[in-house]
Amino acid sequence: MASKDRIQRLKDETRINILDAAFKIVKNEGWQSLSMRKIADEIEYTAPIIYEYFSNKEAILQELTRKGYRVLTAELEEAKSKHKTPEKQLEAMWLAYWDFAFAHKEFYQLMFGVEMNCCVMKSECPEMQSPAKIITESIQKLMNVPLDDDAICTKYYTFWSVVHGLISINIVRQGVSNEINQQILKDAINGIIRSMKDA
C-alpha cells in the first residue's frame, strides 16, 4: 500500500510540476508562447511524458483556468468575510476582483479572454460558478428578493460588465492613473448599489 501511495504522490507532483512550468513560461513569455515542447524542456522531461498527464495544451489551460477561479473565489470570500452589510460586502468583493485581475493578470487573461482566446471548458466546471454565487448572495440580501429572481442576475451582470470592462481597458492599454481608475471603479460600484437600494 505504501508503494501505491508513493507512486500516486510522484504522479501528483509531476502533474503539479507540469502546471507550474506552464505558468512560469506564460509569466515570462505570454500565453501565445506556451507549447507542450516548451513545458517538456522547462521540466527536463520528454514531450510524451507530458502527454501522459495532459492530452494536449487545452487540457493544461483548462486546469490552469480552474486554478485561477479557485484563487479568485478565495480572495472574494476573504473580502466578503470582513463586512457585515451586503453593501460593504459587494464593494469589497468587486474591489478584490479588481485587485485579483492585476495581481494575477495571466490567470485573468486566460479566464476571461483578455488579449487572447479564453479557455473553453469542455464540461461544467463548478469553479467557474463560485465567484458569481458568492457575489449574488450579497446582491440577493441587499435586494431582498428570491435568489432565482431575474433582477439578481441582471444586477450581477451589470456589476461584472462595468468592472470587467474597466479591467480589460487597463490590461490592454495603460493610460489612466491608478487613483482615477479606483475612483471610477468605486463610483460605478456604489452607483449600482444605490440603484439596487432604490429599486
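No hydrogens, no waters, no symmetry mates; every other heavy atom, side chains included, goes into these values.
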Out of curiosity, does Leu110 fall in the hydrophobic cluster containing Ile16 (side-chain heavy atoms, cut-off under 4.5 Å, transitive links)?
no

Is it the case that over 12 heavy atoms from other parts of the model lie below 6.0 angstrom from the CD atom of Glu44?
no

How close do Ala151 and Met143 get, counting heavy atoms only, and between which atoms?
CB-CE, 3.7 Å

Could you point out which residue of Glu106, Glu29, Glu42 forms a salt bridge (charged side-chain N to carboxylate O under 4.0 Å, His left out) with Lys24?
Glu42

Run the side chain to side chain contact (heavy atoms under 4.5 Å, CB included) test against Thr158 and tell me which residues pass, sequence neighbours left out.
Thr154, Ile192

salt_bridge(Lys82, Glu78) N-O dist < 4.0 Å:
yes

Taking atom types as modelled and ignoring hydrogens, do the side chains of Tyr97 and Tyr108 form a donor-acceptor contact shorter than 3.5 angstrom?
yes

Which pair of heavy atoms, one from Ile49 and one from Tyr53, lies closest together, and at what distance?
O-CD1, 3.2 Å

Given the options Phe112, Phe100, Tyr69, Phe107 meets side-chain contact (heavy atoms from CB on, under 4.5 Å) only with Phe100

Transitively linked via ILVMFWY side-chain contacts under 4.5 Å: Val162 with Ile180?
yes

Assess, by modelled atom type and distance only, whether the side chains of Asp187 and Gln183 contain a donor and an acceptor separated by less than 3.5 Å.
yes

Nearest-0.5 Å distance that lies between atom CD1 in Ile25 and atom CG in Asp41
8.0 Å

If I take atom CG from residue Leu142 and atom CD from residue Gln140, how far apart are they, to the nearest 0.5 angstrom?
10.0 Å

What distance separates Glu77 CD from Ile134 CD1, expressed to the nearest 0.5 Å?
4.0 Å

Just wondering, more than 12 heavy atoms not from Arg70 lying within 6.0 Å of its CZ?
yes

Establish, from distance only, whether the side-chain atoms of His83 and Glu91 form a donor-acceptor pair under 3.5 Å.
no

So does Arg66 pair up with Glu63, basic N to acidic O under 4.0 Å?
yes

Spatial distance of atom CG (Leu76) from atom CH2 (Trp94) [nearest 0.5 Å]
8.0 Å

Would you find more than 12 non-hydrogen atoms of other residues, nucleotides or ligands less than 6.0 Å from Asn28 atom CG?
yes

Please walk me through it: do Phe102 and Trp98 pass ring-ring contact (aromatic ring centres under 6.0 Å, His included)?
CA-CA 7 Å; Phe102 294 100; Trp98 171 275; 4.9 Å; yes

Taking the side chain as everything from C-beta on, heavy atoms only, tell me whether Ile60 gets closer than 4.5 Å to Met36.
yes

For a quick check under 3.5 Å, do Lys141 and Thr85 share a side-chain donor-acceptor pair by atom type?
no

Would you call Leu72 and Glu127 a side-chain contact if the rule is heavy atoms closer than 4.5 Å?
no

Interatomic distance, Asn178 atom CG to Leu185 atom CG [nearest 0.5 angstrom]:
10.0 Å

Taking C-beta and beyond as the side chain, do Glu75 and His104 meet within less than 4.5 Å on heavy atoms?
yes

Run the salt bridge (charged side-chain N to carboxylate O under 4.0 Å, His left out) check on Glu137 and Lys133 step by step: do they pass?
CA-CA 6 Å; Glu137 287 168 356; Lys133 183 176 183 297; 3.1 Å; yes

From CG (Leu19) to OG1 (Thr14), nearest 0.5 Å
11.0 Å

